[in-house]
Amino acid sequence: MDDREIVGPITRQRRVTLSNTRRGSLKNLNELNGRLNEKSDRAGKTKRKAQESQAENANEKNKRNGRGDKMSCHTLQESLLSSSSEFSNYRGILNWCVVMLVLSNARLFLENLLRYGILVDPIQIISLFLKDPYSWPAACLVIVCNVFIVVALYVERQLAKGSISEQFGMFIHFLNLSIILCFPMATVLCLPSITPVGASFALGVYTIVLLKLYSYKDVNKWCRERRQVRARSLSRSLSCPSSPTISSSSQTHVSYPGNLSLRDLYYFVFAPTLCYELNFPRSPRIRMGFLLRRLFEMLLLTQLLVGLIQQWMVPVIQSSMKPLQEMDYSRMVERLLRLAVPNHLIWLIFFYCFFHSSMNFMAEVLQFGDREFYRDWWNSETITYFWQNWNIPVHKWCLRHFYKPMLRRGGSKWASQSAVFFLSAFFHEYLVSVPLRMFRLWAFMGMMAQLPLAFFVGRYLRGNYGNAAVWMSLIIGQPIAVLMYVHDYYVLHYQELPQTTGL
Ligand SMILES: CC(C)(COP(=O)(O)OP(=O)(O)OC[C@H]1O[C@@H](n2cnc3c(N)ncnc32)[C@H](O)[C@@H]1OP(=O)(O)O)[C@@H](O)C(=O)NCCC(=O)NCCS
């Protein structure tokens, strides 16, 4: 008997044993699979089920390999990039996107440096705020705004005491709010020494104060209404915000009219919210590490923003003036796309710097507990979702003081939403047109265009397509508005357009 004859039956026997074992283990695995699948079905988590079966397939494969069975190496499975494979780990692709983004931007950065040299000039920032170092009109305007804050408090105190009627109090409040809206506008338009940047800062502060005082007026009015209801019904159960109570966190609770103090009002004025409350949620202590991190981010990102604007955005805008004036469409589109990148980057940095760093910094200093300044707007699949989630302080104010009151008065949902967007469009235009001292309605139209855009995206685009549409509207929409304003500003203020390098 030669070796092959001895080895042959042994090998066959081993194969039979192995295949029996495999069948057995497969049977066990199938049973396990069945049991696991039943469990998954009960839980209703189909995704988990797919992952488990994938893992089992892999296990099965490993076991087979371990036993040296090389006869079958295929299993029933989908390619990873097929949607039916339910594969969802694209972390590597995301990293690739980041690497590509960094590389392409590094190229743009180098190209920009080679073409324009270093344009960053920190001294120039001061001249953006001040024309004359001895005249600080924007700062003076901001200081004057305290008068209106004190007037609102005085009116509320008189209303609480019953010294003035509700109607008269409301009249004074609306007069005060109208002056807050018109006074800075008139000052900016009449005072040539105020720069556009200084003016937009002052107007921004006034707009925030306006929205805050409106909320202050509303909440105190609601408190008086509750007090009256309580007085009429003589019921303790309705005394909710008006009766002194001690919270579980043993922090003293303020009750109406005990809240009508300068300290309480100024806490609200500086707090990172537009909606007034008698008792804001408070964080237990100030975390120094957190505070310093936010401060560092604020300083660093502000410098980065200014540097990017000077080095990247301004040259692109300047080189876009000629094609815009000559209505050279292909060049216009090229310049628009060129501007879209720095503009979007600057907007993202601004978002982080303002909504994360600055607001958290203020909240930490004031131990203000509610840190929801933004939600996951970057996942927006509809325009509506974006506006509900990107600027939470404004959205909350719109809902609480404008949208819901309109709905309660019988307004339809569509009319109320349109009214909110109209108001928002008005303030966007106010904050851009007044500092630039020209009324072109680009910002107003941009905001109002959100309504049809929201309808279109909500109706025709879903999932990733919807998300891409939201990103497109942000990336392309903003530079269009920027170019329009800058072009009109140049045409209005400079007889000769700046000599551009062409490309
Ligand atoms: C217009 C706007 C307020 C709509 O918000 P929305 O969340 O889509 O509105 P919805 O219709 O879903 O309703 C929101 C709330 O109103 C309530 N509501 C709906 N109908 C109601 C009615 N008839 N009566 C009372 N409340 C009602 C809902 O229950 C919901 O309450 P909740 O927030 O407590 O859950 C929002 O899109 C917005 O804020 N837009 C402007 C944003 C903006 O300009 N930001 C500027 C950033 S720079």
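Computed from a predicted structure; not experimentally measured. As the structure lists them, so they are numbered: ligands from 1, and atoms in each ligand from 1. Both backbone and side-chain heavy atoms feed into the values below; hydrogens, waters and symmetry mates do not. Position 1 is the first residue of the sequence, and the numbers go up from there.
- Taking distance alone, with nitrogen or oxygen atoms compared against 3.5 Å, K413 approaches ligand 1 more closely than that limit.
- The shortest contact between atom 3 (C) of ligand 1 and any protein heavy atom is with L399 CD2, 3.8 Å.
- From the protein, the heavy atom lying nearest to atom 20 (N) of ligand 1 is L407 CD1, 3.3 Å.
- With ring centers used as reference points, W377 lies under 6.0 Å from F351.
- Salt bridge absent: R282 and D370 never bring a charged side-chain N and a carboxylate O closer than 4.0 Å.
- Among protein heavy atoms, the minimum distance from atom 11 (O) of ligand 1 is reached at Y403 OH, 2.7 Å.
- Ligand-side atoms of ligand 1 in range of M447: 44 (O), range being under 4.0 angstrom from any heavy atom.
- Residue, atom and distance of the protein heavy atom nearest to atom 44 (O) of ligand 1 are S424 OG, 2.6 Å.
- Near N391, with a cut-off below 4.0 Å to any heavy atom, the atoms of ligand 1 are 47 (C), 48 (S).
- Judged as a side chain to side chain contact (heavy atoms under 4.5 Å, CB included), and not counting sequence neighbours, the contacts of E364 are I286, R287, F290, L291, R371.
- Ligand 1 is never approached by Q450 to a heavy-atom distance shorter than 4.0 Å.
- Closest to atom 32 (P) of ligand 1 among all protein heavy atoms lies K404 NZ, 3.8 Å.
- The aromatic rings of F148 and F183 sit tilted, their planes meeting at an angle between 30° and 60°.
- Remark: atom 29 (O) of ligand 1 lies closer than 4.0 Å to no protein heavy atom.
- If you check which protein heavy atom lies closest to atom 38 (C) of ligand 1, you get H395 ND1, 3.5 Å.
- Heavy-atom proximity to H428, at under 4.0 Å, picks out these atoms of ligand 1: 48 (S).
- Inside a 4.0 Å radius of atom 15 (C) of ligand 1 there is at least one protein heavy atom.
- Here W390 and W347 bring their ring centres to under 6.0 angstrom of each other.
- Among protein heavy atoms, the minimum distance from atom 8 (O) of ligand 1 is reached at Q388 NE2, 2.6 Å.
- Relative ring orientation between Y430 and F427 is described as perpendicular, the plane-to-plane angle rising above 60° on a 0-90° scale split at 30° and 60°.
- For N259 and N220, the side-chain atoms include at least one donor-acceptor pair closer than 3.5 Å.
- Note that K212 lies in the cation-pi zone of F268, set by a 6.0 Å cut-off to the ring centre and a 45° limit from the axis.
- Under 4.0 Å from ligand 1, not a single heavy atom of F402 appears.
- Counting protein heavy atoms only, atom 46 (C) of ligand 1 is closest to V394 CG1, 3.6 Å.
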Side-chain donor/acceptor pairs under 3.5 Å, residues 164-173, sequence neighbours excluded:
residue: S165; atom: OG; partner: F168; partner atom: N; Å: 3.2
residue: E166; atom: OE1; partner: R224; partner atom: NE; Å: 3.1
residue: E166; atom: OE2; partner: R224; partner atom: NH2; Å: 2.9
residue: H173; atom: NE2; partner: E156; partner atom: OE2; Å: 2.7

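- Between R293 and E297 there is no salt bridge, since none of the side-chain N atoms of the basic residue sits less than 4.0 Å from a carboxylate O of the acidic one.
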